[in-house]
Amino acid sequence: MAVIAGNWKMHKGPSETREFFDRLDAGAVGKDHELIIFPPVASLSAAVSARRAASTQVGLGVQNIHWEDGGAFTGETSAPIAADAGAHYVLVGHSERRHVFGESDRETHDKVAAARRHGLVPVLCVGETLEERREERVDEVILRQLEAALPALGDAKERFLLAYEPVWAIGTGETATPADASAAHETLHVRLADAFGATVAAGIPILYGGSVKPANAGELLSAPHVGGVLVGGASLDPESFVAIARAGR
Ligand code: PGA
C-alpha cells in the first residue's frame with residue numbers, strides 16, 4: 001500500500017483546512033493508498049473535526065516536535081501535546097528544519113525518541129543538497145542522517161517511515177528521476193535491512209519527496225523501492241492530492 005503524504009508547511013489556517021477536507025474526495029483514492037496530511041499545528045484540531053465530519057480515514061500528523069516532553073520552550077510543541085491534539089504522525093528532520101532552522105542530527109535523534117515515547121509515528125526525512133550531489137556524496141549524507149536516528153528506533157518493530165527528499169528538488173520544480181530516487185531508496189533500504197533484518201526493513205515505507213505532482217507521481221510511485229510520496233505544494237489542492245494518489249495505481 002503506497003503512502004501519499006501531504007506536508008502543508010506554513011499554509012492553511014483552520015478555515016482553509018476545513019475547506020480542504022470538505023472538498024477532498026478520499027473515496028476516489030481507493031483502498032491501496034494511505035493518505036496522511038501534516039497541517040500547521042494550529043490547524044490540527046480543525047483537521048481532526050473536519051476528518052470526522054467527512055468520515056475519511058486520512059491520517060494526521062504534525063510537521064515538527066520538540067524533543068523534551070514539556071518545559072519552558074516558548075513556541076514549541078511537545079510529542080505528548082501533539083498526540084493529545086490528535087496527531088498520529090510527525091515529520092522529523094525535514095530539510096527546512098535542517099537547513100533553515102539549523103536542526104542537527106542529534107536533535108533529529110532526540111525528536112524520533114520523543115515521538116516513540118508518546119506513540120507518534122516518526123517520518124524521518126533525509127536528503128542531500130545540490131552541492132553534496134555534485135560532489136557525489138549522496139549516500140554518505142543520507143546514511144549519516146539515517147544512522148543518527150537508528151539508536152532511537154529500538155528494534156523498529158513499531159511503525160516508522162522514512163522520506164528521501166533531495167534538498168535541490170524541494171519546491172524548485174526539479175524532480176529526481178525515478179532511477180535517482182530508486183538508487184537512494186535502495187541505499188537506505190539496505191542499511192535498514194542491515195540494522196533490523198530483512199523482514200522488518202521490508203515493512204518500512206520509504207517515501208520520495210521533492211516537486212511531486214500529478215504529472216510525475218505515476219512513474220515515481222512505480223519505481224523500485226519507492227513506497228510512497230511526500231508532497232508539499234501539490235498537496236494543498238485536494239484535487240491534485242487525490243490525482244497524485246490515483247496516478248500510483
Ligand atoms: P514540494 O515539497 O513538493 O513542494 O517540493 C516537498 C516537501 O518539502 O516535503
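Ligands are counted one by one from 1 in listed order, and the atoms in each one are counted from 1 as well. Quick note: residue numbers are just sequence positions, from 1.
- Clustering ILVMFWY residues whenever any of their side-chain heavy atoms sit less than 4.5 angstrom apart, transitively, puts Leu91 in a cluster other than the one holding Ile142.
- The backbone and the side chain of Ile170 each have at least one atom closer than 4.0 Å to an atom of ligand 1 (non-hydrogen atoms only).
- Counting only heavy atoms from C-beta outward, the side chains of Leu162 and Leu207 never approach each other to under 4.5 Å.
- Within ligand 1, counting atoms from 1 as listed, the ones closer than 4.0 Å to a heavy atom of His94 are 7 (C), 8 (O), 9 (O).
- Near Ala169, meaning under 4.0 Å from one of its heavy atoms, ligand 1 places the atoms 5 (O).
- For atom 3 (O) of ligand 1, the closest non-hydrogen atom of the protein is Gly232 N, 2.8 Å.
- Not a single heavy atom of Lys213 sits less than 4.0 Å from an atom of ligand 1.
- Set against the non-hydrogen atoms of Gly210, the atoms of ligand 1 under 4.0 Å away are 5 (O).
- Across Leu236 and His11, no two heavy atoms sit closer than the pair CD2-CB, 3.7 Å.
- The cluster map of Ile, Leu, Val, Met, Phe, Trp and Tyr, joined by side-chain heavy atoms under 4.5 Å apart, puts Leu230 and Val126 in different clusters.
- By the ring pair (Phe, Tyr, Trp, His ring centres under 6.0 Å) test, Trp8 is found to be paired with Phe20, residues two or more places apart in sequence or in another chain being considered.
- Nearest non-hydrogen protein atom to atom 9 (O) of ligand 1 is Glu165 OE2, 2.7 Å.
- From the protein, the heavy atom lying nearest to atom 2 (O) of ligand 1 is Lys9 NZ, 3.3 Å.
- Residues forming a ring pair (Phe, Tyr, Trp, His ring centres under 6.0 Å) with His118 (at least two apart in sequence, or on another chain): none.
- Under the 4.5 Å side-chain heavy-atom criterion for ILVMFWY residues, a single connected hydrophobic cluster contains both Val200 and Leu192.
- Between Trp168 and Glu131, the side chains place no donor N or O within less than 3.5 Å of an acceptor N or O (distance only, hydrogens not considered).
- Near Ser211, with a cut-off below 4.0 Å to any heavy atom, the atoms of ligand 1 are 1 (P), 3 (O), 5 (O).
- The single protein non-hydrogen atom nearest to atom 4 (O) of ligand 1 is Gly233 N, 2.9 Å, given as residue, atom name and distance.
- Within ligand 1, the atoms closer than 4.0 Å to a non-hydrogen atom of Gly171 are 1 (P), 4 (O), 5 (O), numbered from 1 in the order shown.
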